[in-house]
Q: 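Take a look at this one; I'll ask things after.
Proteins come first, then strands; the chains are lettered A, B, ... in the order of their sequence lines, and each starts at number 1. Hydrogens, waters and symmetry mates are skipped; everything else that's a heavy atom, side chains included, is used.
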Amino acid sequence: MIRRSGSCAPGCTRSTRRSSGRSWPSSPGRRRRSRSGARSAPTPSTRISSSRTTGPVSRWGTSRPSWKARSIRSSRPTFCPESRRRMDDNDLIRRRHAKLANLRARGLDPFGSRYPVTHWAGRLAGQLAGATEEELRGVGPVSVAGRVLTLRHHGKTCFATLKDYTGTIQLYARADQLGDEYGLFTELDAGDFLGVTGELFRTRTGELTIGVKSWSFLTKALRPLPEKWHGLKDVETRYRQRYLDLVVNPAARQVFQVRSSLVGAMREFLDARGFLEVETPMMQPIPGGAAARPFVTHHNALDLDLYLRVAPELYLKRLVVGGLDRVYEINRNFRNEGISTQHNPEFTMLEFYQAYADYGDLMELTEALVCHLAQTIPGSLTLTYQGESIDLTPPWRRVKFHEAISRELGVPVAPETDPWELILGPARGRVTQVDPAGTKAKHWKALFEALVEPTLVQPTFVVEFPIGLSPLSKRNKDNAGLADRFELFVARLEIANAYTELNDPEEQLARFKQQAIERERGDDEAERLDRDFVRALEFGMPPTAGEGIGVDRLVMLFADQPSVRDVILFPHLRPESTSEGGVAPLPNLPPGDCAGEAGARKRPEKT
RNA sequence: GAGCCGUUAGCUCAGUAGGUAGAGCACCUGCCUUUUAAGCAGGGGGUCGGUGGUUCGAUCCCACCACGGCUCACCA
């Protein structure tokens, strides 16, 4: 379910979030009692009824402006007031503005007020699927409100499709029912919002329809919607103007409903196991918990540079020190890296910690969690992702990091093997772009990503990673070169990363120092020394296992979407640089000074 | 950051071996009282992403720029 805007800030607590948005819609009867008692009359100012009479008004209400004169413009797009009119310089938009003026001339508010809704458009069809004509009459008058998607004029009658949050319903307006106001109904444009009241019936072709008795104009749409049949395909427009995507592409909204349901089911699962949802700083003085470059920001009052977090890990573990044995956070991380079909600079992660557990426990927990999600949302343990069938039935395959590489190379590989020898030898030509001066751990990583990751279609836990890749992870008891860590891959996507947490403060300090050396060697993704975190460990953190699950990728998997941009409502794109809807005009330019604009709009030089 | 591909009407797309462009839907006018991609008849709408260059002439060829997609790199 998509939440109502404004119902909840991102930082609100879960309980508040849950209490809002669930009982929507409120019944009109209840809403009518809000604040001023004078609102009992369900008649907004724009109410249109057949008894209302108005004097003759010309079809467009006002005389047409001289559009020819307006269309004169300079040869290059700029932000001048003159060129700013380009966005209105379109026949379709002009006509809608004229209709807007016409509405005002008739004393109607083109951006009207509340409408007392009694039913959902989309729900009616489901609820009354098998209803007889008599049963439909028995329902009585219904009031629905929504956006007009299509209009079909038939002389003295008109059909329209009205869409609300739940779906669509057909409207049928007749001149003999609406009288003088029928003409106004026929002037509606696709995209306009209206509220209607009327009786239900079925047309000859069996479609459930509201015979309009009265209606209210709720909002004029000044721009035309994308086409009804092909919808909106242009990916750039779909991402930049997601509202259009959501209006015309039902599949787009379905993705975000899946997303919301998945996150809800995650909370349900973890809450039931005694996990406490918390929120930790998004702005951190020392960014830690992941190998990634951070974004920097600045706090003016403290005159302090802060970093947008790359992970909540070090804060969540502090909470375990504080006695919160089971904590989780579902929130955004920010990593200053490239953008791809699998990476958005801000992304959502579920991160959770469980005291007195190890990474083996978390493998079982992860299987249970993902299966809970699969059974709750699609209702099946078998998914199809981009044409491939994925079977989530546990237990999932487990393979050791080095064994997986060995399997792909066909030669024995052990933690003690020199990965560079493999890159130069059996893996020659298969590992590209590896830094010969990098650490052994980096070489292992390159081997794994090139050889193993592309093969991991069915759910697979890869276990026992090189310790050098896992600076916050506990060392394996039997092999000091390995970390007690796993990563979960499904459909070649890295979904989860978990390990038994290092809780020895002295070893943690030593690992931080090792990372500092790597940072000095030029690895700007190496962990930074966080002395307070070490101090926290010195107070004692119980044996703990922790895990991060990439929510966006999980949504990609469950909603069968090939790009992370398709599961993020507003993925990051370069700003538009056109005069329409794009970046704002630069301030401090003399009025009418267009000359500098073209140059000024250039992106700043890279430093 | 690199390579390849793309950008034509509000939307979805054609097209032009260089002579300033078409379709469907949408829009406008007329007809039409159960249609549903309603129908019938007629009509309007584009400086072909931007800037330069070549040319008598560029939407088309060339260069640069902008934005997007895919692949690669980095990362989850």
Q: Please tell me which of the listed nucleotides, C70(B), C28(B), G68(B), lies nearest to the side chain of Asp189(A)?
A: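 From the listed options, C28(B) comes nearest.
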
Q: What nucleotide, of C70(B), G68(B), G44(B), holds the atom closest to the side chain of Arg240(A)?
A: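 My answer, after comparing the listed nucleotides, is G68(B).
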
Q: When you measure from the side chain of Ser340(A), which nucleotide among A73(B), U12(B), U33(B) comes out closest?
A: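 Of the options given, the side chain of Ser340(A) lies nearest A73(B).
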
Q: Could you list all N or O pairs between the protein and nucleotides 2-9 of chain B that sit under 3.5 Å apart?
A:
none

Q: Could you tell me the separation between the CG atom of Asp234(A) and the P atom of C13(B), rounded to a whole number of Å?
A: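 My rounded result for the distance is 8 Å.
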
Q: Could you check whether Gly548(A) gets within reach of a base, just the sugar-phosphate, or nothing at all, counting any heavy atom under 4.0 Å?
A: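 The residue Gly548(A) makes no contact with any strand.
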
Q: Stacking between Trp229(A) and the base of G24(B) (centre distance under 5.5 Å, interplanar angle under 30°)?
A: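 Given the distance and angle limits, no, they do not stack.
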
Q: At 4.0 Å (heavy atoms only), tell me whether Phe201(A) reaches a base, stays on the sugar-phosphate, or touches nothing.
A: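 Base, at least one base atom sits under 4.0 Å.
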
Q: Could you tell me whether Glu187(A) and Arg95(A) have a side-chain N and a carboxylate O separated by less than 4.0 Å?
A: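 Here Glu187(A) does not pair with Arg95(A) in a salt bridge, since their nearest N and O are not under 4.0 Å apart.
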
Q: Does the Asp164(A) side chain pair with the main chain of Ala121(A), one donor and one acceptor, at a distance under 3.5 Å?
A: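 Checking the backbone N and O of Ala121(A) against the side chain of Asp164(A), a donor-acceptor pair under 3.5 Å is found.
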
Q: Can you name the ring pair (Phe, Tyr, Trp, His ring centres under 6.0 Å) partners of Phe489(A), sequence neighbours left out?
A: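 For Phe489(A), the residues satisfying ring pair (Phe, Tyr, Trp, His ring centres under 6.0 Å) (neighbours in sequence not counted) are Phe448(A).
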
Q: Spell out yes or no: do the side chain of Thr157(A) and the base of U34(B) have one donor N/O and one acceptor N/O closer than 3.5 Å?
A: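 Result: no qualifying N/O pair found.
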
Q: Between which residue ranges does RNA chain B form stems of three or more consecutive Watson-Crick or G-U wobble pairs, both distances under 3.5 Å?
A: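 B:1-7 with B:66-72, B:10-13 with B:22-25, B:27-31 with B:39-43, B:49-53 with B:61-65 - these are the stems of 3 or more pairs that involve RNA chain B.
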
Q: With sequence neighbours excluded, tell me which residues meet side chain to side chain donor-acceptor pair (under 3.5 Å) with Thr460(A).
A: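 In terms of side chain to side chain donor-acceptor pair (under 3.5 Å), with neighbours along the sequence ignored, Thr460(A) is linked to no residue.
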
Q: Would you please name every residue forming a side chain to side chain donor-acceptor pair (under 3.5 Å) with Gln284(A), sequence neighbours left out?
A: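 For Gln284(A) there are no side chain to side chain donor-acceptor pair (under 3.5 Å) partners, ignoring immediate neighbours.
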
Q: From C-beta outward on Gln170(A), which listed nucleotide comes closest to its side chain: U12(B), U35(B), C70(B)?
A: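 Looking only at heavy atoms from C-beta outward on Gln170(A), the closest nucleotide is U35(B).
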
Q: Report the residues that fulfil side chain to side chain contact (heavy atoms under 4.5 Å, CB included) with Gln386(A), sequence neighbours left out, ordered by chain and then residue number.
A: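 Per chain and number, Gln386(A) pairs via side chain to side chain contact (heavy atoms under 4.5 Å, CB included) with Asp560(A), Pro562(A).
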
Q: Give the nucleotide from the list U33(B), C74(B), U71(B) with an atom nearest to the side chain of Glu525(A).
A: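 For Glu525(A), the side-chain atoms sit closest to C74(B).
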
Q: Considering only U71(B), A37(B), G68(B), which nucleotide approaches the side chain of Lys228(A) most closely?
A: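 The answer is A37(B).
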
Q: Please say which of Leu569(A), Leu554(A), Val555(A) ends up in a side chain to side chain contact (heavy atoms under 4.5 Å, CB included) with Arg259(A).
A: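 Of Leu569(A), Leu554(A), Val555(A), side chain to side chain contact (heavy atoms under 4.5 Å, CB included) with Arg259(A) is met by Val555(A) alone.
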
Q: Nearest nucleotide by nearest heavy atom, which residue falls closer to the 5' end of RNA chain B, Arg293(A) or Val235(A)?
A: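 Residue closer to the 5' terminus by nearest nucleotide: Val235(A).
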
Q: So Phe185(A) and Tyr182(A), would you call those rings parallel, tilted or perpendicular, with 30° and 60° as cut-offs?
A: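 The rings of Phe185(A) and Tyr182(A) lie parallel, inter-plane angle below 30°.
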
Q: Considering only C11(B), C70(B), U35(B), which nucleotide approaches the side chain of Leu232(A) most closely?
A: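 So the nucleotide nearest the side chain must be C11(B).
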
Q: Using the side-chain heavy atoms of Arg565(A), tell me which of these nucleotides is nearest: A76(B), G24(B), G69(B).
A: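 Per side-chain heavy atoms of Arg565(A), the pick is G69(B).
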
Q: Any cation-pi pair here, Arg485(A) with Phe465(A), using under 6.0 Å and within 45°?
A: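 The answer is yes; both the distance and angle limits are met.
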
Q: Take the protein atom CZ of Arg204(A) and the nucleotide atom P of A38(B), then report the distance between them rounded to whole Å.
A: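 Value for this atom pair: 18 Å.
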
